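Small disclaimer: the values here were computed from a predicted structure and weren't measured.
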Amino acid sequence: MLRSLCSQLRNGAPAAAAAATLRAAGAALHTSAAASARWAGFDLTDDQLEFQHVADTFAREELAPFSAEWDEKHIFPIDTLKKAAELGFAGLYVSEDVGGAGLSRVDAAIIFEALSWGCVPTAAYLSIHNMVASVIDKWGSPHLRGEYLPALTAMEARASYCLTEPGSGSDAASLKTTARREGDHYVLNGQKVFISGGGSSHLYLMMARTGEPGPKGISAFLIEKDTEGLSFGKPERKLGWNAQPTTTVMMDNVRVPADSRVGQEGDGFKIAMWALDGGRVNIGACSIGGAQFCLDTARQYAQQRQQFGSPIANFQATQFKFADMATQLQASRLMVRHAAAALDSDSRGKTLECAMAKRYATDACFDVANSALQLLGGYGYLREYGIERYMRDLRVHSILEGTNEIMRLIINRELDKVDPIA
């Protein structure tokens, strides 16, 4: 759908009503998220520039005008997610035979960055949804692919990823949720915490223990929302990411057919880590988009704000700060896209690259947001300017998809594999 839309946009032909709206709204590339490609130092194809243009226009037309209200009122924008799916954003790197866009991980990183300029938590939920869909596409049986992916790629159903437990966060391989085989079924018991989309999503990718302690005893399952014994805690009250619900997911003798297992018994941890490599790239991209909004806002403010008889943009201290912020953003963008390319090529060092990119980009982009708030002074602390919201939303990125402390452990471990010391 997305490739087709971009082709029609380039050729001047009308696509659907949504495409026509996008085309009219964005006749030229914008000067922030989309224009960043022009100085990114990472050559983008014509298709990628068009993907970015469509995502950037969607962010400015469908996300940015409403994101403050979604945050304040804790609104999960389901109708907007469905509009995003019409452009292919709900199955970016899912195969086309089940409704996906069939794009690369680099393509997806470009799109998530652009979307996050408009609303970080909405783009981040799309990332999680895409992560689950891609697991089903790669590891699921033909039955599971046909059963769930057409609905997921159309956002007729939403998906959540369930790994973290009360007693196993960073030590994910020690999870306690169990899946006991009973004939043609499994019976699951346990609970997961911090689940994005919990209670709203229709489908849950669940990691549970089917065998021995440690990673080799974990398997993956798909559980539908209305399954007997599946329940949800109250929505968590959070610092940020208020435009998507987060809950505990509880299983009390949840009985699912054996063919709801994704992959073979014992593949669950491998599947979870494969998904997280891509998730780390995506959350890095989301950090870049949010930080780009903050830099854009601060630069505009500095041109208008007068102190000591001059715009503060003329002060060397301000210019130095902008230079550092832009450098952090550029470094983050290059690392994230390089890691995405490593996933696309199935590089031996892909896990190393993903951990490095996630660690650096999420920390650096939070720093950019914090610096932008400081440049606005007291105004930066007000909700009216948006920076405080982006800063709150970006803060969790150094925690989820593996904390940045765990990223450092992964980097060191993978270094020993990729470049061992003789």
Side-chain angles (χ1 to χ4, degrees), residues 33 36 59 63 67 70-71 105 108-131 160-161 163-164 169-170 172 193-197 236 238-246 273 275-295 297 325 328-340 343 351 353-373 386-411:
S36 66
L63 301 181
S67 57
W70 295 340
D71 173 74
R105 296 298 183 130
I110 293 164
I111 289 167
F112 284 127
E113 177 184 335
L115 292 175
S116 293
W117 193 96
C119 183
V120 170
T122 300
Y125 178 77
L126 279 169
S127 165
I128 295 165
H129 177 90
N130 271 270
M131 181 164 64
S160 291
Y161 178 87
L163 176 63
T164 302
S170 294
V193 295
F194 308 131
I195 304 306
S196 293
E236 302 290 357
K238 300 168 295 187
L239 176 70
W241 274 31
N242 291 318
Q244 56 165 281
T246 302
M273 295 302 105
L276 285 174
D277 273 349
R280 287 162 185 161
V281 168
N282 293 346
I283 209 64
C286 290
S287 292
I288 296 164
Q292 185 70 58
F293 171 90
C294 294
L295 176 58
T297 302
M325 293 161 72
Q328 287 176 293
L329 265 172
Q330 175 73 337
S332 298
R333 185 174 288 116
L334 292 174
M335 289 187 75
V336 164
R337 293 182 185 174
H338 190 271
L343 287 176
T351 296
E353 299 285 354
C354 293
M356 284 181 165
K358 192 270 182 182
R359 203 294 301 162
Y360 181 82
T362 55
D363 281 346
C365 291
F366 178 79
D367 287 345
V368 169
N370 192 41
S371 294
L373 191 152
I387 289 178
E388 60 83 29
R389 170 166 41 88
Y390 280 79
M391 190 178 74
R392 287 188 286 108
D393 287 335
L394 293 179
R395 179 60 185 87
V396 74
H397 292 193
S398 62
I399 299 172
L400 51 78
E401 312 289 34
T403 67
N404 284 2
E405 290 73 25
I406 291 297
M407 293 306 99
R408 291 175 170 90
L409 292 178
I410 292 172
I411 291 165

Check the pair Lys358 / Glu401 against salt bridge (Lys or Arg N to Asp or Glu O under 4.0 Å), numbers first and verdict last.
CA-CA 9 Å; Lys358 192 270 182 182; Glu401 312 289 34; over 6 Å; no

Give the intermediate values and the outcome of side-chain hydrogen bond (donor to acceptor under 3.5 Å, both in side chains) for residues Asn130 and Asn282.
CA-CA 10 Å; Asn130 271 270; Asn282 293 346; over 6 Å; no

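Among residues two or more places apart in sequence or in another chain, the salt bridge (charged side-chain N to carboxylate O under 4.0 Å, His left out) test is passed with Arg395 by none. Legend: residues meeting side chain to side chain contact (heavy atoms under 4.5 Å, CB included) with Ala357, ordered by chain and number and at least two apart, are Met335, Val336, Ala339.
A pairwise comparison of heavy atoms in Tyr161 and Ala275 identifies CE1-CB, 4.0 Å as the closest pair. Residue Val368 comes nearest to Ala291 through the heavy atom pair CG1-O, 3.7 Å, listed as atom of the first residue, atom of the second, then distance. Here the closest non-hydrogen pair linking Ala59 and Ala114 is CB-O, 3.4 Å. When every heavy atom of Ser332 is checked against every heavy atom of Ala361, the shortest pair comes out as OG-CA, 3.5 Å. Residues Trp70 and Cys119 approach most closely at CE3-SG, 3.9 Å, considering heavy atoms. When all heavy atoms of Ala243 and Pro121 are compared, the closest pair comes out as CB-CG, 3.8 Å.
One finds the CG atom of Asp71 at 11.5 Å from the CD atom of Gln244 (value rounded to the nearest 0.5 Å). Summarising the geometry, atom CZ belonging to Arg105 is positioned 14.0 Å from atom CD1 belonging to Ile110; distances are rounded to the nearest 0.5 Å. Here the straight-line distance linking atom CG of Leu394 with atom OG1 of Thr362 works out to 9.5 Å at 0.5 Å rounding. Between the CZ atom of Arg359 and the CD1 atom of Ile410 there is a distance of 13.0 Å, given to the nearest 0.5 Å. Here the OG atom belonging to Ser116 is positioned 9.0 Å from the CG atom belonging to Leu126, to the nearest 0.5 angstrom. Between the CG atom in Asn242 and the CZ atom in Arg389 there is a gap of 10.5 Å [rounded to 0.5 Å].
By the 4.5 Å heavy-atom criterion applied to side chains, Arg408 and Asn404 are counted as neighbours. Counting heavy atoms from C-beta outward, Ser398 and Phe366 have side chains that stay 4.5 Å or more apart. Here the side chains of Leu115 and Leu63 are in contact, with some heavy-atom distance below 4.5 Å. Contact check for Cys354 versus Leu343: side-chain heavy atoms found under the 4.5 Å cut-off. Between His397 and Cys365, the closest side-chain pair of non-hydrogen atoms is not below 4.5 Å. Side-chain atoms of Arg333 and Gln292, non-hydrogen and from C-beta on, do get closer than 4.5 Å to each other. A heavy-atom distance below 4.5 Å is not found between the side chains of Ile283 and Phe112.
With hydrogens and angles disregarded, no donor-acceptor distance shorter than 3.5 Å links the side chain of Arg280 to the backbone of Ala355. A donor-acceptor pair is defined here as one N or O able to donate and one able to accept, closer than 3.5 Å; no such pair exists between the side chain of Thr246 and the backbone of Phe194.
In this pair, Phe293 and Trp117 present their aromatic rings perpendicular. The plane angle is above 60°, beyond the 30 to 60° band.
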